[in-house]
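Owing to the predicted nature of the structure, the values given are computational and were not obtained by experimental measurement.
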Amino acid sequence: MQIGVPAETQAGESRVAVTPEAARRPLLIGVPKETAALEKRVATVPEVVEKLVKLGFRVAVESGAGDAANFSDDTYRAAGAQVVPTAAELWAMSDIVFKVRAPSPQEVGLLREGTTLVGFIWPAQNPELMQQLAARKATVLAIDSLPRQLSRAQKMDALTSMAGISGYRAVIEAANAFGRFFNGQITAAGKIPPAKVFIAGAGVAGLAAIGTAANLGAIVRANDTRAEVADQVVSLGGEFVKVDYEEEGSGGGGYAKVMSEGFQQAQREMYAKQAREVDIIITTALIPGKPAPKLITADMVRTMKPGSVIVDMAAEQGGNCELTEPNQAVVKHGVTIIGYTDLASRLAKQSSTLYATNLFRLAEELCKTKDGVIDVNMDDDALRGLTVVKEGNITWPPPPPKLPAAAPAKPSAAAVAAPKGHGHGSSEPMSAKSLAIVFGVGALLFLLVGMYAPASFLSHFTVFVLACFVGYMVIWNVTPSLHTPLMSVTNAISSIIAIGALVQIAPPLTGAGGADRPNLLILGLAVLALALTAVNMFGGFAVTRRMLAMFRK
């Protein structure tokens, strides 16, 4: 269905005929100023406004909407947006509304019937809001309901964007509240040990926190119920702390599942041990639609060293620590417990830019014709998952997305093992009798070559065999260093070719001052081989240098 002008007029008014041209007019995207407490983000930024205009949309922004994120009204005007003085005027004129936080009851009252609303809605936690939006005949796309398991939906995944920023900011808040350096130092005044940081949960936010803390020089430990994230933790410079209890913790949509009581008991014991040892704890455990699990008890807080810090990233849903107070930083039992719920908003410019980009990618999916008219295609799995209200009808929860069929399982090693014996598929070593026959045939061939071949051929053949053996041993025993194994092998081969070409170009002097010079064909081939191997070798080193430069700061 393509959304143009409102389908209905006010009660008692005459119905106006909608021409095809009017139905296809470019829609107006309105961006109001966020009214939620502590919220500094804005749903679009000037850079993205230009891209939305190129898609055919018109854009209007409420005056002051971007001030808290350092985007002035003038920058929006320069990008092609209209700046509207009041929220009421903006909501009344908008065909599509881009928001960050879910609308308040007052904002729902300003929502024009038939408007499309895009933002964080959290339909499971806000059933009353869903009913209010349905009553306004709105179409609502909840960016938090995106099917994250769809690979093509990742460009629209605002949850991931915001979680990465929150994880980074959590470490910054912890460092601000912590009483000393993260990295260890040895100074004239004494030795400073590195801080020890434990991160509960290695999702997107947890991984961002691990990388940030490790880059600051801390000793980082992390835990997650999903065993498959252990390699990711190690790759970022952390140590994965395993719970001494075997249970798979992967849930749907990239989230962890609720674990059994036995696992939770073993997990609590591990957390209690970490609380006694570390200086900083950052908790990220949260399952959408459920209260945050209590991972850090009051008794664990009492055992922590004075001056320690806990950053509870699940504070908005009740917190992972029993002593967390939402939106507050409190000190209890000598431990600073930070329960800020606006971590992403504390980096408002960065988070607004990423969120605006996510919404722009969604707009691209909605407006593939680039004419400023959207099509909420309910046959598209990504759009179907996002759409929680369609023209006043609640469509949440969506059906499971149609995932691609799983690849057929590889046959087990026992199934593909070659049968015993000496057939073509046998992997057993050759018997002594067969080995003797092979060597006998080889010796006979060498004897025939020695008896009947010219002396010059025999000498060249001997050099060829020795060169093959020596070349094989040289090439395959090269240890890769700053190279991939393939590049190391190709460089070794190139070196041998270069040596052979140099021998042909400059043969040893013979006779009284004379020299045996190769003919022009051999000389030309040698020069060409030398040039090609030089390009290969120096090109390999150039590529390696560029790869290493990517990891330099």
Consider side-chain hydrogen bond (donor to acceptor under 3.5 Å, both in side chains). Of E261, Q267, R268, which one does Q265 pass it with?
R268
Does F263 have more than 12 heavy atoms from other residues, nucleotides or ligands lying within 6.0 Å of its CZ?
yes
Less than 4.5 Å apart, side chain to side chain, heavy atoms only: is that true for I282 and M313?
yes
Where does the angle between the aromatic ring planes of F178 and F182 fall among parallel (under 30°), tilted (30 to 60°) and perpendicular (over 60°)?
perpendicular
When rounded to the nearest 0.5 angstrom, what is the spacing between CD1 in I143 and CE in M156?
7.5 Å
Looking at K242, I want to see if its NZ is surrounded by more than 12 non-hydrogen atoms of other residues, nucleotides or ligands under 6.0 Å.
yes
Measuring only between side-chain heavy atoms, which start at C-beta, is S351 closer than 4.5 Å to I165?
yes
Is it true that K54 and E50 have a side-chain N and a carboxylate O under 4.0 angstrom from each other?
no
Verify, without hydrogens or angle tests, whether R221 (side chain) and V278 (backbone) share a donor-acceptor contact under 3.5 angstrom.
no
Could you walk me through whether V220 and F198 satisfy the side-chain contact (heavy atoms from CB on, under 4.5 Å) test, starting with their C-alpha distance in whole Å, then the side-chain angles of each, then the deciding distance to 0.1 Å, before giving a yes or no?
CA-CA 6 Å; V220 184; F198 177 72; over 6 Å; no
Dump the intermediate steps for side-chain contact (heavy atoms from CB on, under 4.5 Å) on L216 and N183, then the final yes or no.
CA-CA 6 Å; L216 287 174; N183 63 322; over 6 Å; no
Are R41 and K349 side-chain neighbours, meaning at least one heavy-atom pair lies under 4.5 Å?
no
Determine the minimum heavy-atom distance between N377 and L383, stating which atoms define it.
O-CB, 3.6 Å
Any donor-acceptor pair under 3.5 Å linking the side-chain atoms of T160 with those of R148?
yes
Smallest heavy-atom separation, Y168 atom then A208 atom, equals N-CB, 4.1 Å
Are the side chain of N223 and the backbone of V241 linked by a donor-acceptor contact shorter than 3.5 Å?
yes
Could you walk me through whether I172 and N176 pass the side-chain contact (heavy atoms from CB on, under 4.5 Å) test, one step at a time?
CA-CA 6 Å; I172 301 303; N176 182 58; 5.7 Å; no
Value for CD (Q274) from CD1 (I296), rounded to nearest 0.5 Å, stands at 9.5 Å
Could you give the distance from CE (M162) to CZ (R169), rounded to the nearest 0.5 Å?
14.5 Å
Non-neighbouring partners of K305 that pass side-chain hydrogen bond (donor to acceptor under 3.5 Å, both in side chains), sequence neighbours left out
D279
Between C367 and F57, is any pair of side-chain heavy atoms under 4.5 Å apart?
yes
For T284 and A200, indicate whether the former's side chain and the latter's backbone hold a donor-acceptor pair under 3.5 Å.
yes
Please confirm whether the backbone N or O of G211 pairs with a side-chain atom of N215, one donor and one acceptor, at under 3.5 Å?
yes
What is the distance from atom CG of L146 to atom CG of L150, rounded to the nearest 0.5 Å?
7.5 Å
Does some side-chain heavy atom of I219 sit less than 4.5 Å from a side-chain heavy atom of V197?
no
Is the distance from the ring center of F360 to that of Y355 below 6.0 Å?
no
Is there side-chain contact between P193 and R180, with heavy atoms separated by less than 4.5 Å?
yes
Sole residue of I310, N320, V311 in side chain to side chain contact (heavy atoms under 4.5 Å, CB included) with I281
I310
V229 versus F240: any side-chain heavy-atom pair under 4.5 Å?
yes
Could you tell me which non-hydrogen atom of L207 sits nearest to which non-hydrogen atom of Q232, and how far apart they are?
CD1-OE1, 3.1 Å
Answer yes or no: are there more than 12 heavy-atom neighbours, outside E277 itself, under 6.0 Å from its atom CD?
yes
Closest contact, heavy atoms only, A153 versus P147
CB-O, 3.8 Å
Check this for me: does any side-chain nitrogen of one of E365 and K155 sit under 4.0 Å from a carboxylate oxygen of the other?
yes
Which pair of non-hydrogen atoms, one from A275 and one from M304, has the smallest distance, and what is that distance?
O-CG, 3.3 Å
Find the distance between OG1 (T387) and CG (L141) and round it off to the nearest 0.5 Å.
4.0 Å
All heavy atoms of T369 vs all of D371, minimum pair found to be OG1-OD1, 2.6 Å
Is any side-chain heavy atom of T395 closer than 4.5 Å to a side-chain heavy atom of M378?
yes
Take L532 and L528 through the test side-chain contact (heavy atoms from CB on, under 4.5 Å) and record every step on the way to the result.
CA-CA 6 Å; L532 293 177; L528 179 62; 4.2 Å; yes
If you measure from CG on L236 to CD1 on I210, what distance do you get to the nearest 0.5 Å?
6.0 Å
Is there a donor-acceptor contact under 3.5 Å from the side chain of D312 to the main chain of I338?
no
Among D381, D157, D380, which one satisfies salt bridge (charged side-chain N to carboxylate O under 4.0 Å, His left out) with R152?
D380
I'd like to know if the side chain of K390 and the backbone of R384 have a donor-acceptor N/O pair within less than 3.5 Å.
no
Assess whether atom CG of L444 is packed by more than 12 heavy atoms of other residues, nucleotides or ligands within 6.0 Å.
yes
